[in-house]
2 protein chains.
Amino acid sequence: MTADSAVETLSYPEANTARDLVARAVDRGAMVTLFGRCTVEYDGRAASSLGPGDRHVTLKPDGASLVHTDEGQQPVNWQPPGCEHAVTVTDGALELCSERSNPDETLEISFETVAHAAAFDVSDPEELAVTGTEADLKERILEDPDLVEPGFTPLATERATPAGAVDVYGEDESGRTVVVELKRRRVGPDAVGQLDRYVDALERDLHAGTAVRGVLVAPSVTDRARQLLAKKGLEFVSLEPVQ
Amino acid sequence: MTADSAVETLSYPEANTARDLVARAVDRGAMVTLFGRCTVEYDGRAASSLGPGDRHVTLKPDGASLVHTDEGQQPVNWQPPGCEHAVTVTDGALELCSERSNPDETLEISFETVAHAAAFDVSDPEELAVTGTEADLKERILEDPDLVEPGFTPLATERATPAGAVDVYGEDESGRTVVVELKRRRVGPDAVGQLDRYVDALERDLHAGTAVRGVLVAPSVTDRARQLLAKKGLEFVSLEPVQ
DNA sequence: TTCTTCATCTCGAAA
DNA sequence: TTTCGAGGTGAAGAA
């Protein structure tokens, strides 16, 4: 990354000047950012309209667009990767359009004023390494199945059932089938419903009369989830992904 | 928004110069963006590590932080609103730290090179107006209950049950209780589980022997969801939020 | 492609 | 503060 090539910026450019920078940057696969007063229209899975205000806009080389206000972690409007970015000047105003198909969606940004425009040539070879996920919880259990209960034996992970894949499938000390559903954090009623669907599907899939135990493994459960577990005859084991 | 006050930028600044700009901007409640080669460490609900690469960093006045690579709609690392942003120079490197409590979480960004730094004074009075939401679907049904089925009479929305609030609660032509669950888009098994919980809770809550009908209203359902509906004795009505 | 589930989900509303 | 469900959820993996 050198000073000559990596960054190109404009302060309060004319619309045509900004358009040229954006067009060139999009063409060469650079990341573009704009800041200024704009309106935003979206139409696709839903539809939205945003009146004039100061926002920060990002166009990524993979086709994603982001419109950020001064508040919130989430963009106020956006377009996912895979879009075509187009930039034009209409009636003296810089206009961006990001479009995609399947589903057909359009994002249109019209700038009343462009306060800042920048293009960045990005090189990022690194992958993010995350720990503390559900996958970590699964590994913890496979390494030490007694954490679920003494005598538990895992037989498969992601075992297919008519209701979907079971996180951990195994049997208890006395040979009964056990379905384990894992959650990396405190769970509500939805996770209980999920476990119940798997247990139900397996009881039908295996031969009649086979009792299947369902065990929810998570750091903790809410009250309603606990009541639902009791009603469905399911069990809970408290365990965290790490430590 | 004037040229004098709204935007302040630096290209390839010294670490101390960048620190001063960031510190002043954070102090006055401006939005800050940085672009350059950096590493990122996160520790909190999970933990992650990201080796050196070129990224775009945003610090928002509400305490949110975003780290974006050249790919993806989602930031590779982030911190939600409510954090304290701190900026320092350590061993000649610009370092940002965004920290919050409950849960305790820390995001640390260390710049090897700052290619660009900018501060933006933002004014955004507008609210986003969205259509095509679940609320629109609800209004559509309340205006014309026959869309659910001829003779359907809504009696309440968001009616409380021991399992949570029911979207639309009413009765059919023959006076039987009907629970309606709304989804703005095609649904899977999770939505069926949700409806089933409400129906079950209401049957217990009302007097014994009261049959409660459950109707899922959505544009469409997946195969598994349809099977699950059949097994649970629940119904489906195809309806979109708009048009 | 569609389907299913995970996510540092985020966000908002209500208790 | 916690809980619960909506979301233009996004993203990944499998069928």
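Protein chains get the first letters and strands the later ones, always in sequence-line order, with residue 1 at the start of each. Given the structure is predicted, the values throughout are model-derived calculations rather than measurements.
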When you compare [N] with [M], how far apart are their [atom1] atoms, in angstrom units rounded to a whole number?
N: dG7(D); M: dA7(C); atom1: P; answer: 22 Å
N: dA14(C); M: dG8(D); atom1: C1'; answer: 25 Å
N: dT10(C); M: dC6(C); atom1: C1'; answer: 14 Å

Between [X] ([atom1]) and [N] ([atom2]), how many Å, whole number?
X: Leu182(B); N: dG5(D); atom1: CG; atom2: P; result: 14 Å
X: Leu228(B); N: dT5(C); atom1: CG; atom2: P; result: 10 Å
X: Leu128(A); N: dT8(C); atom1: CG; atom2: P; result: 9 Å
X: Arg45(B); N: dA7(C); atom1: CZ; atom2: C1'; result: 9 Å
X: Arg186(A); N: dC4(D); atom1: CZ; atom2: C1'; result: 12 Å
X: Leu137(B); N: dG5(D); atom1: CG; atom2: C1'; result: 15 Å
X: Arg184(A); N: dT5(C); atom1: CZ; atom2: P; result: 19 Å
X: Gln227(B); N: dT4(C); atom1: CD; atom2: P; result: 9 Å

Does [X] reach a base, just sugar-phosphate, or nothing at all? Heavy atoms under 4.0 Å.
X: Ala160(A); answer: nothing
X: Glu181(A); answer: sugar-phosphate
X: Ser48(A); answer: nothing
X: Arg185(B); answer: base

Distance-only polar pair, side chains of [X] and [Y], donor-acceptor under 3.5 Å:
X: Lys232(B); Y: Gln227(B); answer: no
X: Arg184(A); Y: Thr133(A); answer: no
X: Thr153(B); Y: Glu171(B); answer: no
X: His85(B); Y: Lys60(B); answer: no
X: Tyr42(B); Y: Glu105(B); answer: yes

Requested in this report: Could you identify which residues of residues 188-201 of chain A place a heavy atom less than 4.0 Å from some atom of DNA chain C, listed by residue number, or say none?
Outcome: Gln194(A), Arg197(A), Tyr198(A)
Report task. Mind running a 4.0 Å heavy-atom check of residues 63-85 of chain A against DNA chain C and sending the residues that fall below it, in number order? Result -> Gly72(A), Gln73(A), Gln74(A)
Query raised in the report: Can you tell me how far OG of Ser98(B) sits from CD of Glu84(B), rounded to the nearest 0.5 angstrom?
Result: 9.5 Å
Query - Evaluation steps, salt bridge (Lys or Arg N to Asp or Glu O under 4.0 Å), between Asp200(A) and Arg204(A) - result: CA-CA 6 Å; Asp200(A) 216 61; Arg204(A) 284 161 185 260; 3.6 Å; yes
Requested in this report: Taking the side chain as every heavy atom from C-beta outward, state whether Glu126(A) and Asp124(A) have any pair of such atoms under 4.5 Å apart.
Outcome: yes
Query - Side chains of Cys38(A) and Glu112(A) in contact at under 4.5 Å (non-hydrogen atoms) - result: no
Report task. Identify, between Asn102(B) and Arg224(A), the residue whose nearest nucleotide on DNA chain D lies closer to the 5' end. Result -> Asn102(B)
Query raised in the report: Taking it one step at a time, do Asp167(B) and Arg159(B) satisfy salt bridge (Lys or Arg N to Asp or Glu O under 4.0 Å)?
Result: CA-CA 7 Å; Asp167(B) 285 339; Arg159(B) 184 194 190 282; over 6 Å; no
**Report entry** Which residue lies more 5' along DNA chain C, comparing Thr222(B) with Gly132(A) via nearest heavy atoms
**Finding:** Thr222(B)
Report summary line: Side-chain atoms of Glu134(B) come closest, of dA6(D), dG8(D), dC6(C), to dA6(D)
